[in-house]
4 protein chains.
Amino acid sequence: MSSTTRGRIDKRQAILDGAFTVFARQGYAQAGVQDIALEAGVAKPTVYNHMTDKATLFRHAVEAAAMTALDQRVAALAPLGDPGDDLAATLEGVALALLRLHTDSRYCALRRLLYSEITHFPDILDIVKEYGLDRLNHALADRLARLALAGRLRTTDPDLAAEQFLALILGPLEARSQMGTRQLEEAELATIARTAVETFARAWVVS
Amino acid sequence: MSSTTRGRIDKRQAILDGAFTVFARQGYAQAGVQDIALEAGVAKPTVYNHMTDKATLFRHAVEAAAMTALDQRVAALAPLGDPGDDLAATLEGVALALLRLHTDSRYCALRRLLYSEITHFPDILDIVKEYGLDRLNHALADRLARLALAGRLRTTDPDLAAEQFLALILGPLEARSQMGTRQLEEAELATIARTAVETFARAWVVS
Amino acid sequence: MSSTTRGRIDKRQAILDGAFTVFARQGYAQAGVQDIALEAGVAKPTVYNHMTDKATLFRHAVEAAAMTALDQRVAALAPLGDPGDDLAATLEGVALALLRLHTDSRYCALRRLLYSEITHFPDILDIVKEYGLDRLNHALADRLARLALAGRLRTTDPDLAAEQFLALILGPLEARSQMGTRQLEEAELATIARTAVETFARAWVVS
Amino acid sequence: MSSTTRGRIDKRQAILDGAFTVFARQGYAQAGVQDIALEAGVAKPTVYNHMTDKATLFRHAVEAAAMTALDQRVAALAPLGDPGDDLAATLEGVALALLRLHTDSRYCALRRLLYSEITHFPDILDIVKEYGLDRLNHALADRLARLALAGRLRTTDPDLAAEQFLALILGPLEARSQMGTRQLEEAELATIARTAVETFARAWVVS
DNA sequence: TATGAATGAGCCTTCATTCAT
DNA sequence: TATGAATGAAGGCTCATTCAT
């Protein structure tokens, strides 16, 4: 890979990163391409050399962010592959990991962007379907299905179980963090995780 | 109250309504004051005669919408004041009512607006605190506390119970409605309500 | 007519005039709407309040200029309505008047504009047909036809006669004025008029 | 001449040709150097390696086009060197040849370009003086002078005669072709030639 | 030499806001 | 009070031109 190619790729990445940063900070309409260029350390036309449009730039930036966000969250489910004896504790650990990821400011910004622009960018729905909560739900349901086969969970409906697990941790998070504006303390996150797993366990875990 | 005053008030209301409609449709930045004036059936300067700013207009429009939204949702909790014998059924009814309210397109638009502009309008936080989920949580917790006193629920923590109740119905709603873009069928809402109450009951209802 | 209406009309006229001036000086593409606004003594958005587009502005400005240009030139034909005894002298007078009009710098600019932009603004052709040389030819042919009926000209083809009359005065003008860049002295104009009429007379005038 | 030199010259010619093509199609300002490079089959910086400027490129392209245009038109005068018995017929032939050259689309485009940019490129005047109508007039006047010496034309003023000859053929052409936008049929060109020569003959030819 | 990539400057257009009536 | 008209400021996008290879 020649150094020029590297440079070009680097610049493209810098533009995408800068774009997300600025979009996250200012919203789509309020963000200026000028600002993005500045943030990325390039000149304005360079942005247009890589992306045809402000809209296209937005889509790509958001897609990239959504991708990495999904990857991280799916990775956080790993412990469920080898739960050990204390299933509740494992669930709590996973819940806490997810909570931490969901309080990341970049992720909060991503959610805000998706919410605000989903009406103007219909094709953002594709991104949501591809890298959104649904996908995490699926991955989690897979893990839970295995646990059900292993006799550790009620066997009925892993998709529903996953949905409720996520709802029980993310719902309170949303409410308490004031739509992502307040940073929650680690202790509070732990409380959310614990109470969520408690309720989840009563409904789904085989004791 | 003289007729001119009446007319003035009517006009103010028309402006606020039109503003919310347009903001909901286009977002804060993309909405033009011109559009709002058109929607309200007045001339542009008239808008400025009533509201100093586009920002102020936004705040007032959003606040009004949030107020009525909260009122409706609190009203939906009424059946819990007289639950009858089948508590689960009552909870399910309330859940369903809340789900219906939360699929209303104006309410979805309100949420979108709050999400997108919360970073630019710090004082929107006040609106959220005053008329947001917290308030509904409180109201619901009050009801649950009474049920706990009446021995129908575990007595520990009504706030937590309310939080989880709401999480169990709104979380899945969010996920399945694709951030409010898809309209869910009544049957699916009923399913969400039933499964949510089932899990909630296992954790909190005294059988 | 209220003073405000007057003011609006004045401003519109000022914009059209300014637009033509600037377009004439710089050409369509090189002319900035900014410059036009400055020339008209208004702010840039005011221009857009009156004309939707830079292109529309151009069309209207050009059309107005073409209209007045045609009016002036047709008016210059008036003496042919009452030629008197010395027809050649009358023709020379008309020729000279037309030559003077055609050396007007605004008219030269108009021709330049029409030439340069006719490929980009296909509907400019309509303006040319409506207010261009054809029209002058027609009007002149009418006059010549009457003279023919009166036995002062050969009767064959007034349209052709008009065409050649105009060609004999405008052709040399074009050539000698270096495409309108050089201002010709009155004496030279007179020479052109005289020689043109001489040749024209040999072919068409009944001696 | 080495092959690389050949290639270089070829490339230069390709650039000049492409430039004229694009300038003719889009006008000076609307033509992009990018477009020109594309048309010439080279990369954009290559254009700058051969020509310092867009302006310089324009001047050279226009000059080349004007040169070949003048050559063709002067060549069309050749029959006047040996007019034969029927001078009128010879004149008509020359007139027709000139008319055909003047309806060529590249030549029309050249005229359009000269007209539009003559105000912005003062040195284009030099091109006009060097290769423009004046030169054709001169060449034609030379031929006519010889004919005058030979007693076939009135002897007074060959320059004027040439001027009127050209005016009588080019003026009607301009008018009828709607500034070069309409293609005239061969028959109409012949009519123009015939009527022009008729009138010219009455004034200048010794019968 | 020829080119892919980058840039500084500029332009058309829009919008929130204010005057004058 | 309500409105037609005007404006200052800003933003998206393009282009001629130049590096660096």
Side-chain angles (χ1 to χ4, degrees), chain A residues 2-5 7-12 15 29-37 40-55 57, chain B residues 4-5 7-8 11-12 15 29-37 41-57, chain C residues 2-5 7-12 15 29-37 40-55 57, chain D residues 4-5 7-8 11-12 15 29-37 41-57:
Chain A
S2 81
S3 71
T4 84
T5 304
R8 182 160 169 70
I9 288 183
D10 284 357
K11 217 148 246 183
R12 181 187 177 89
I15 289 172
Q30 288 93 340
V33 176
Q34 180 71 257
D35 307 337
I36 293 174
V42 300
K44 208 189 334 180
T46 304
V47 174
Y48 284 93
N49 282 348
H50 287 262
M51 304 306 228
T52 51
D53 241 7
K54 187 187 179 186
L57 179 53
Chain B
T4 75
T5 304
R8 179 160 170 68
K11 217 153 242 183
R12 182 190 176 85
I15 289 172
Q30 288 92 341
V33 176
Q34 181 73 258
D35 306 337
I36 293 174
V42 300
K44 209 183 346 175
T46 305
V47 174
Y48 283 91
N49 285 345
H50 286 263
M51 300 304 214
T52 51
D53 240 4
K54 186 186 179 186
T56 310
L57 180 53
Chain C
S2 81
S3 72
T4 82
T5 304
R8 182 161 168 70
I9 288 183
D10 285 357
K11 217 148 245 179
R12 183 190 174 88
I15 289 171
Q30 287 93 340
V33 175
Q34 181 70 257
D35 307 336
I36 293 174
V42 300
K44 212 191 328 185
T46 305
V47 174
Y48 284 93
N49 283 348
H50 287 262
M51 304 306 229
T52 49
D53 240 4
K54 187 187 179 186
L57 180 54
Chain D
T4 76
T5 304
R8 179 161 170 67
K11 217 155 243 185
R12 182 189 175 86
I15 288 172
Q30 287 92 340
V33 176
Q34 181 72 259
D35 307 336
I36 293 174
V42 300
K44 209 182 346 175
T46 305
V47 174
Y48 284 91
N49 284 346
H50 286 262
M51 301 303 213
T52 52
D53 241 4
K54 186 187 180 185
T56 309
L57 180 53

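Throughout, protein chains are lettered first and strands after them, A, B, ... in sequence-line order, and every chain is numbered starting at 1. Keep in mind that this is a model prediction, so the values were computed, not measured.
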Roughly how many Å is it from [atom1] in [X] to [atom2] in [N], rounded to a whole number?
{"X": "A:Asp10", "N": "E:dA5", "atom1": "CG", "atom2": "P", "result": "14 Å"}
{"X": "A:Lys11", "N": "E:dA5", "atom1": "NZ", "atom2": "C1'", "result": "8 Å"}
{"X": "B:Met51", "N": "F:dA2", "atom1": "CE", "atom2": "P", "result": "14 Å"}
{"X": "C:His50", "N": "F:dA5", "atom1": "NE2", "atom2": "P", "result": "7 Å"}
{"X": "C:Ile15", "N": "F:dT7", "atom1": "CD1", "atom2": "P", "result": "9 Å"}

- Query: Which pair of heavy atoms, one from C:Ile15 and one from C:Val42, lies closest together, and at what distance?
  - Reply: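 Closest pair (atom of C:Ile15, atom of C:Val42, distance): CG1-CG2, 4.1 Å.
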- Please evaluate the base of F:dA5 for a donor-acceptor partner in the side chain of C:Asn49 within a cut-off of under 3.5 Å?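 No such pair is found, so the answer is no.
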- Can you tell me how far the NZ atom of D:Lys44 sits from the CD1 atom of D:Ile36, to the nearest 0.5 Å?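 Output value for this atom pair is 11.0 Å.
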- Item | Straight-line distance of B:Lys54 NZ to B:Thr56 OG1, nearest 0.5 Å |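 It comes to 12.0 Å.
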- Sequence-aligned protein contact record of nucleotides 11-17 of chain F, with B where the base is within under 4.0 Å of a protein heavy atom and S where only the sugar-phosphate is: -BBBBBB
- Which nucleotides of DNA chain F pair, in dot-bracket form (Watson-Crick or G-U under 3.5 Å, | meaning another strand): .||||||||||||||||||||
- Item | side-chain contact (heavy atoms from CB on, under 4.5 Å) partners of D:Gln30, counting only residues at least two apart |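 D:Gln30: side-chain contact (heavy atoms from CB on, under 4.5 Å) contacts with C:Tyr28, C:Ala29, C:Glu117, C:His120, D:Gln26.
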